[in-house]
Amino acid sequence: RHTTSSASSMTEVIFTSEGGGVGVIVQRKCVEGAFIKKDAVIIEYRLEGADPKSPPLKLKSPADGVVLYKPGTGRKEKLANGAPLCTLTGCPHQYVMKDMCATCGENLREKDGRPGERKTTTTASVPMNHSLPELLVSDEIARADGERHKSKCLESRKLVLLVDLDQTVIHTTNRQPSFDPKLHPDITHFSLYGGLHWTKLRPHTRAFFENLSPLYEMHIITFGQRQYAHKIAEIIDPTRHIFYDRILSRDESLSQQHKTKNLAALFPAGEEMVAIIDDRPDVWEFSDALVQLRPYKYFPDVDDINAPPGAEKEKRPDEPASSSEEKKGDGLPEETDETLLHVEKVLKKVHEAFYNHFDTTGNIRDLKVIISCLREQSLKGCVLVLSGLIPVGSDPKRSEAYRIATKFGARVEEKVDEQTTHVVAARWGTTKVYEARRLGVPIVTPHWIYACMELWEKAPEQPFLLTEKSVSPIGTSLGLNAAATGMADLPTLGKDLLSDMKNEVDSLSEDDDGESDEEDDEEDEDIEPSEESRVRAPEVARPKIDESRVKRKLCPEALDRGYTGESAGEEEDQDDDPFGGMSKRKRSKRNSRAEEEEEVEVEKRDDEEDPDAQEADYGDNDDDNEDIDDDDDDMDDMAAELEHQLEH
């Protein structure tokens, strides 16, 4: 019998035995939910009382459809003549492969249509398979499979760990190394896409995966292409017992910018049991499930060769990469990277906390909550003040240092006071550094924050203390110069950058005209001083505008050519002076102003011995305001001169 609805058609199959007697089912010939064609055998049966050795009789399908058996139709069940056996429904196309139903085989694509242009409605839309994104399943199938996967993980007491490759557990270069890579057992050489590649495993990588594989189901999620991802998986896991085929590359990713877009498809029953390790928080949209690692960089001058399109490849000045420029006797870079040892401890704590809660309550606690709680214990109770890390006018909450500090439980304030536990400074001589010294607050370099991030606990301050001649833990001088700030690598100034500089000069002029000397002190804190002023300036910032800092903002290329903010001599060669087009009158003016500044410096050094006298001196600023007006005129002249030079 047929019943038809607007959604689909359904055929009810009635059992009709030969001879009209009661039948005993021998076996079902198709499984529940299978699609069968007309005249396909549904069951085999014998009449009740028939010889058990006699050949069974067959009941065939009267139409195409998906088989849904009625209750009481299992093996050895008895069916009276005329009893309902099953129903046949139209195929819902719950499994689709390249616009073809994997269940019934129907071609769902429009004639001469493009991929995805279907003539028949289908419920399949979820790409659950890592390496086969063309296979789509319905939401119902996906949820059921996701629940089975979650139950399997709980039974085996495992969690899920998503692993990034480049600059997280490996570093790959497609340039010939300057040393012999064969001398290092952790460097693998291979050919791919017509080019040569060298991949170096991060120290402790193999032990990391071996130790955590009993606790976590490992998945690779990378922006590298499919062949590259599988090759790296083969290097790390040659026996395929850690990752199996759980590898998702750029070719299967639903987004070229964010890896989060695939999570709902991979884990349709929920992401509560998923943790992540990656060096880039932005591609995970700063998920709380992320355990962020310092970027691993072994080969000099090579960053992430598989970074997302449009991503900034140069590391930020305040963010150290895990690498070393020192060489051993055989020419190989020296390594002391223990990042994965610390991350392994963290992930073991996460696993322990999850199953302690599950065993006690029977409920699943989201790993985002567990990881966040453990992370916030690292710097709990610390009150930080950032100095020299936030550009003037920028939102502090958008800086990397602020984000990491607050995520790890610290409180970040704007001013130094008795509650401040640390001042994180990029350079010596700022107002906040002076206040910290006065109050006895530890002053550390920005690398201290990244050490806390790596250890997941408060790092010792001693290796990161900031002094007037501090050198960072990775060998980069913290005294601000072109190389330290990354300015040395800037290309020649273009029209857009020149326009930005002119706007910046205008805004500086407006601010200087209307602000008090105290506000100028705060602004100077985030603008680097000249080499001369760094040597002889007192700790407190000068209320007068430092002309050298303006020139640094206007023309960072001048730093590359050794310009320090001092006036050039008249006998100096024109090509060596980035402001060589200026008149001698302006140079003389700057020389006289430099002499006046030296007199102020002497007075300030005397004031340091008498704090009361220092306060009195800062109260009289009439002469300083006149100099500020002169500085504004010079800034406009310099911007105009720069524009003239660049156009010619």
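Just so you know, these numbers come straight off a predicted model, no measurement behind them. Any value given below was found using the heavy atoms of this structure, including those in side chains, with hydrogens, waters and symmetry copies removed.
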Drop me the distance from I235's CD1 to R206's CZ, to the nearest 0.5 angstrom.
8.5 Å
Got a sec, which residues hit salt bridge (Lys or Arg N to Asp or Glu O under 4.0 Å) with D288, two or more places apart in sequence or on another chain?
K407
Check: N174 side chain, L196 main-chain N or O, donor-acceptor pair, under 3.5 Å
no
Judged by modelled atom types alone, do T172 and T199 share a side-chain donor-acceptor pair under 3.5 Å?
yes
Salt-bridged, R280 to D278, with N to O below 4.0 Å?
no
H258 side chain vs T260 backbone, donor-acceptor pair below 3.5 Å
no
Would the distance check show the side chain of S287 and the main-chain N or O of W284 forming a donor-acceptor pair, the cut-off being under 3.5 Å?
no
Residue pair A142 / P268: nearest heavy atoms and the distance that separates them:
O-CG, 3.0 Å
Charged N-O contact under 4.0 Å between D237 and R240:
no
Any donor-acceptor pair under 3.5 Å from K150 side chain to A269 backbone:
yes
Keeping the roles fixed (side chain from S394, backbone from I390), state whether a donor-acceptor pair exists under 3.5 Å.
no
What's the shortest heavy-atom distance between V137 and Y95, and which atoms?
CG1-CD2, 3.6 Å
Under 3.5 Å, side chain of N211 to main-chain N/O of A207, donor-acceptor pair present?
yes
Under a 3.5 Å threshold, yes or no: a donor from one side chain and an acceptor from the other, between E454 and T339?
yes
Is it true that a side-chain atom of S151 and a backbone atom of E147 form a donor plus acceptor pair closer than 3.5 Å?
yes
Check for me whether the distance between the ring centres of Y228 and Y193 falls short of 6.0 Å.
no
Report the residue from L266, I277, L263 that forms a side chain to side chain contact (heavy atoms under 4.5 Å, CB included) with L162.
L263
Under 3.5 Å, is there a donor-acceptor pair linking the side chains of Q292 and R403?
yes
Separation between CG of L347 and CG of L374, rounded to the nearest 0.5 Å:
10.0 Å
Ring-plane angle category for F209 and F243, please: parallel below 30°, perpendicular beyond 60°, tilted otherwise.
perpendicular
Examine the side chains of E338 and H204 and answer whether a donor and an acceptor come within less than 3.5 Å of each other.
no
Looking at T168, is its backbone amide N or carbonyl O close enough to the side chain of R202 to form a donor-acceptor pair, meaning the two atoms are under 3.5 Å apart?
yes
Indicate whether the side chain of S378 and that of E457 have a donor and an acceptor atom separated by less than 3.5 Å.
no
Does the side chain to side chain contact (heavy atoms under 4.5 Å, CB included) test come out yes or no for E210 and I242, once each step is laid out?
CA-CA 8 Å; E210 289 292 341; I242 295 175; 4.0 Å; yes
SB check E352 K349 (cutoff 4.0 Å)
no
Given the rule in the side chain to side chain contact (heavy atoms under 4.5 Å, CB included) test, do H149 and C153 qualify, once you have shown the distances and angles that lead to the verdict?
CA-CA 6 Å; H149 174 260; C153 286; 3.7 Å; yes
May I ask you to decide whether E134 forms a salt bridge with K98, counting only side-chain N to carboxylate O separations under 4.0 Å?
no
Give me the ring orientation class for Y355 and F358: parallel if the planes are under 30° apart, tilted from 30 to 60°, perpendicular past 60°.
perpendicular
Centre-to-centre under 6.0 Å for W456 and H342, is that the case here?
no
Between the side chains of K297 and D303, is the shortest nitrogen-to-carboxylate-oxygen separation below 4.0 Å, so that they form an ion pair?
yes
Answer yes or no for K259 and F223: cation-pi contact, defined as NZ/CZ to six-membered ring centre under 6.0 Å and angle to ring axis within 45°.
yes
Taking T205 for the side chain and L201 for the main chain, is one N or O donor matched with an acceptor at less than 3.5 Å?
no
For residues T239 and H241, is any side-chain donor paired with an opposing acceptor at under 3.5 Å?
yes
With distance as the sole criterion, is a donor-acceptor pair present between the side chains of T430 and S387 under 3.5 Å?
yes
Check for me whether the distance between the ring centres of H197 and F190 falls short of 6.0 Å.
yes
Less than 4.5 Å apart, any side-chain heavy atom of M273 and any of I364?
yes
Run the numbers on D395 and R398 for salt bridge (Lys or Arg N to Asp or Glu O under 4.0 Å), then give the verdict.
CA-CA 6 Å; D395 182 2; R398 297 180 64 87; 5.6 Å; no
Residues K348, E344: salt bridge by 4.0 Å N-O rule:
yes
Compare all side-chain heavy atoms of I187 with those of F179 and state whether any distance is below 4.5 angstrom.
yes
